[in-house]
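Take a look at the structure set out below.
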Amino acid sequence: MRTRISAIRIVLLAIILPGIASANAQLTTDFYIKSCPSVQSIVRNGMMVAVRNETRMAASILRLFFHDCFVQGCDASILLDDTSTMQGEKTAFPNANSVRGFEVVDAIKASVEQSCPGVVSCADILALAARDAVVLSGGPFWNVRLGRRDSLTASYSLANSNLPAPSEDIDTLISKFAAQGLSVSDLVTLSGAHTIGQSRCVNFRDRLYDYDGSAQPDSTLSAAYLAQLQNVCPSSGGDDNLAPLELTTPTRFDNIYYKNLLNGKGLLTSDQELFSSNQTSTVSVVQNYAASSRSFFTNFPTSMIAMGNISPLTGSNGEVRINCRVIN
Ligand code: HEM
Ligand SMILES: *[C@@H]1O[C@H](CO)[C@@H](O)[C@H](O)[C@H]1NC(C)=O
Ligand SMILES: *[C@@H]1O[C@H](CO)[C@@H](O)[C@H](O)[C@H]1NC(C)=O
């Protein structure tokens, strides 16, 4: 009897302990295993269709997840449309005329609702879609932790204050990530998402003509790259002209983003700062990933999981929205 009880105890401890060890025990990879076993394949199919139609959509969905998680946690708050009583996040400065992919999330959500009505949150759909975006672009796979609920609110002001700006220096970037519980190494690792996708001219023009009021280009820009960018992005006008964030293989998820930083070919100030600020804590990580794709591919999932763990909503603080754009 005694040994039996202690055996049960050990089993119970084995179940409970990992929950205590993790601050986000409520998220689990098998959350929908009974309630919606097809959710993973539905999201993957939706992403395949979207990316086949437009390659850039992989990047856009990955960014959408980041911009969701940094504002009230990963709670699909970014997906809410403005209402007469609530100014949402879509018109906040970092998002306006910039974040995209809402129709893709809507289409995936509609398919999921057909199979499992009212079960899968928009926040979890976005987390799965972001992982699939990385895989479809040639990046690493990871098991996504699930069980987030959708917010009843959104925050225009937190979107403006929490999201990093492309002109920010290394100290500001580090502190904005720290405010979300993310490390310096997470900052460098997650910035590697800029191996895919595009930026508008308005976000890097200052570096090409008048950096920091110097009337000169940013001296960290390689000369050839500078000339190339000036062609795309004139000193005035053309705000929405696009340049790839990583010029060598702009649609492929790989470690070339980091190699380019070593050569003065980061597009945004926030990219080049990871290397050119000379801060040992970020430079060493950039050098590691530039030298080892394997190291980047090992760490990127870990940092995505850390970002995905930011303040998940549980219980009656959240809901499973039927339409990702409006609360039920
Ligand atoms: C470190 C601070 C970061 C800053 C300052 C930043 C800033 C930006 C800016 C300004 C753009 C271009 C937007 C436009 O021109 O409309 C962009 C694009 C993008 N960002 Fe970031 N970002 C950061 C970190 C991240 C992170 C952590 C991720 C994801 C894990 C991410 C994923 C992306 C992707 C994939 C794109 C391309 C989107 C597309 O082509 O639609 N970024 N980012
Ligand atoms: C396909 O991509 C284009 C932009 O390249 C977009 O306008 C269109 O809505 C997309 N169609 C579907 C079905 O996603
Ligand atoms: C970083 O180091 C390089 C090479 O020593 C130097 O040219 C540059 O001015 C330094 N940058 C900063 C921001 O200290």
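Every number for a ligand or one of its atoms is a count from 1 in the order of the listing.
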Strictly by modelled atom types, are [X] and [Y] linked by a side-chain donor-acceptor pair under 3.5 Å?
X    : Y    : value
S183 : D186 : yes
S293 : N255 : no
Q26  : R149 : no
N299 : Y289 : yes
S167 : R207 : no
S270 : E168 : no
Y156 : D82  : no
S157 : N160 : no
S214 : D212 : no

In terms of atom number and element, which parts of ligand 1 are under 4.0 angstrom from non-hydrogen atoms of [X]?
X    : answer
R56  : 39 (C), 40 (O), 41 (O)
S199 : 12 (C), 15 (O)
S98  : 13 (C), 14 (C), 16 (O)
L187 : 1 (C)
L190 : 26 (C), 27 (C), 28 (C), 30 (C)
F177 : 1 (C)

Separation between CZ (R321) and CG (L152), nearest 0.5 Å, reads 8.0 Å
Measuring from I125:CD1 to D150:CG, what's the distance to the nearest 0.5 Å? 8.0 Å
Around atom 35 (C) of ligand 1, find the nearest protein heavy atom and jot down its residue, atom name and distance.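 Here the closest protein heavy atom is A59 O, 3.1 Å.
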I need the nearest protein heavy-atom contact for atom 41 (O) of ligand 1: residue, atom name and distance, please.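 The protein heavy atom lying closest is S60 OG, 2.7 Å.
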Could you say whether the N/O atoms of E54 and ligand 2 ever approach to under 3.5 Å? no
Say whether, by atom type as modelled, one donor and one acceptor occur between the side chain of D68 and the main chain of L64 under 3.5 angstrom. no
Is S137 reaching over with its side chain to a backbone N or O of G139, donor-acceptor style, under 3.5 angstrom? no
Please name the pair of heavy atoms, one in A154 and one in G88, separated by the smallest distance, quoted to 0.1 Å.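 Of all heavy-atom pairs spanning A154 and G88, the closest is CB-CA, 4.0 Å.
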State the count of protein N/O/S atoms located less than 2.8 Å away from atom 21 (Fe) of ligand 1. 1
Non-hydrogen atoms closer than 4.0 Å to ligand 3: which protein residues do they belong to? List them by chain and number, please. S276, N278
Is it the side chain (CB and beyond), the backbone, both or neither of A165 that lies under 4.0 Å from ligand 1, heavy atoms counted?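 It is the backbone that gets close, since no side chain atom is under 4.0 Å.
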